[in-house]
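Since the model is a prediction, treat every value here as computed from it, not as a measurement. If you read the sequence from its start, that first residue is 1, and numbering goes on from there.
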Amino acid sequence: MPRTLEQAGGFLFGLWMALVVLQPIGTSAQATTDAPIANLESVLHISINDIRDAQGLRRLERDPALDAVARAHAQDMATRRYLAHETPEGLNPPERMKRAGVSGFTLAGENVGTTSRLDPNREIVVAWMDSTAHRDNILAPVFNTTGIGIARAADGSFFYTQLYAAKPR
């Protein structure tokens with residue numbers, strides 16, 4: 001507790017420094033923690049498209065609206081610690097898309113996964129390609145649009161959601 005006017009001034013100056021000067025450091029730290037996730041999403045998109053290219057399939061275009069739905073589902077799974085295509089309330093991928101206002105698709109699919117490995121994208125892509133149902137989504141010629149969402153749980157594990165959609169061109 002400051003006992004003099006000088007000590008009170010020093011205290012207030014220190015408080016001001018903490019609130020005003022150091023606040024941007026906290027803000028940039030948040031941006032930094034989001035950057036690796038966005039990078040993982042971009043690299044996953046490239047990896048999936050490389051697999052499709054190797055099979056002579058068209059590349060999937062990312063759709064920001066589908067990204068938002070995928071991110072919300074990945075975050076929900078990470079927060080509530082479940083891994084499923086349906087939420088605990090029973091919402092499936094097309095229902096989640098419709099609730100988010102995503103329309104105009106004729107078919108939808110979804111891959112989900114979780115990992116705590118050091119190279120999470122590699123782990124997820126290998127697992128998806130080793131699974132018939134997930135591989136079928138990745139290689140479905142009808143899909144032309146995708147949304148990708150990755151979230152990190154409190155324990156450091158990653159939760160992945162990739163939506164696939166067929167939209168008329």
Mind checking the [atom1]-[atom2] spacing from [X] to [Y]? Nearest 0.5 Å is all I need.
X      : Y      : atom1 : atom2 : answer
Leu163 : His85  : CG    : NE2   : 10.5 Å
Ile150 : Ile37  : CD1   : CD1   : 6.0 Å
Asp119 : Glu123 : CG    : CD    : 8.5 Å
Ile138 : Leu57  : CD1   : CG    : 11.0 Å
Arg96  : Leu91  : CZ    : CG    : 7.5 Å
Ile124 : Leu40  : CD1   : CG    : 10.5 Å

Should [X] and [Y] count as side-chain neighbours, where that means a heavy-atom distance under 4.5 Å?
X      : Y      : answer
Phe158 : Asn121 : no
Ser157 : Thr115 : no
Val125 : Ile51  : yes

Quiz item: Tyr160 and Asn111: side chain to side chain contact (heavy atoms under 4.5 Å, CB included), yes or no, with the steps?
Solution: CA-CA 8 Å; Tyr160 280 66; Asn111 285 353; over 6 Å; no

Can you sort out the partners of [X] under side chain to side chain donor-acceptor pair (under 3.5 Å), two or more places apart, ordered by chain and number?
X      : answer
Arg62  : Asp67
Glu89  : Arg80, Thr87
Thr161 : none
Ser131 : His134

Return the minimal non-hydrogen interatomic distance between [X] and [Y], and the atom names on each side.
X     : Y      : value
Ala78 : Ala151 : CB-CB, 4.0 Å
Glu41 : Gly149 : OE2-CA, 3.5 Å
Glu95 : Gly90  : OE1-O, 3.4 Å
Asn49 : Leu60  : OD1-N, 2.6 Å

Quiz item: With Phe143, which residues qualify under ring pair (Phe, Tyr, Trp, His ring centres under 6.0 Å), at least two apart?
Solution: Tyr164

If hydrophobic residues (ILVMFWY) are linked whenever their side-chain heavy atoms come closer than 4.5 Å, directly or via other members, who joins [X] in its cluster?
X      : result
Val126 : none
Ile46  : none
Tyr82  : Met77, Leu83, Val112, Phe159

Result block: side-chain N/O donor-acceptor pairs under 3.5 angstrom for residues 99-109, not counting sequence neighbours:
| residue | atom | partner | partner atom | Å |
| --- | --- | --- | --- | --- |
| Thr106 | OG1 | Ala166 | O | 3.3 |

Practice problem: Begin from the C-alpha positions of Glu110 and His73 and carry the test side chain to side chain contact (heavy atoms under 4.5 Å, CB included) through to its verdict. | Solution: CA-CA 11 Å; Glu110 180 181 70; His73 188 58; 3.8 Å; yes

Practice problem: Output all residues satisfying salt bridge (Lys or Arg N to Asp or Glu O under 4.0 Å) with Asp155, sequence neighbours left out; order by chain, then residue number. | Solution: Arg81

Quiz item: Quick one: do the Glu61 and Thr146 side chains pair a donor with an acceptor below 3.5 Å?
Solution: no

Quiz item: Would Arg117 and Arg122 count as a side chain to side chain contact (heavy atoms under 4.5 Å, CB included) if you check the C-alpha gap in whole Å, the side-chain angles of each, and the deciding distance to 0.1 Å?
Solution: CA-CA 9 Å; Arg117 300 283 174 110; Arg122 183 180 184 292; over 6 Å; no

Quiz item: Considering residues at least two apart in sequence or located in another chain, which fulfil the side chain to side chain contact (heavy atoms under 4.5 Å, CB included) criterion with Asp53?
Solution: Asp50, Arg59

Quiz item: With sequence neighbours excluded, what pairs up with Asn144 under the side chain to side chain contact (heavy atoms under 4.5 Å, CB included) test?
Solution: Arg58, Lys167, Arg169

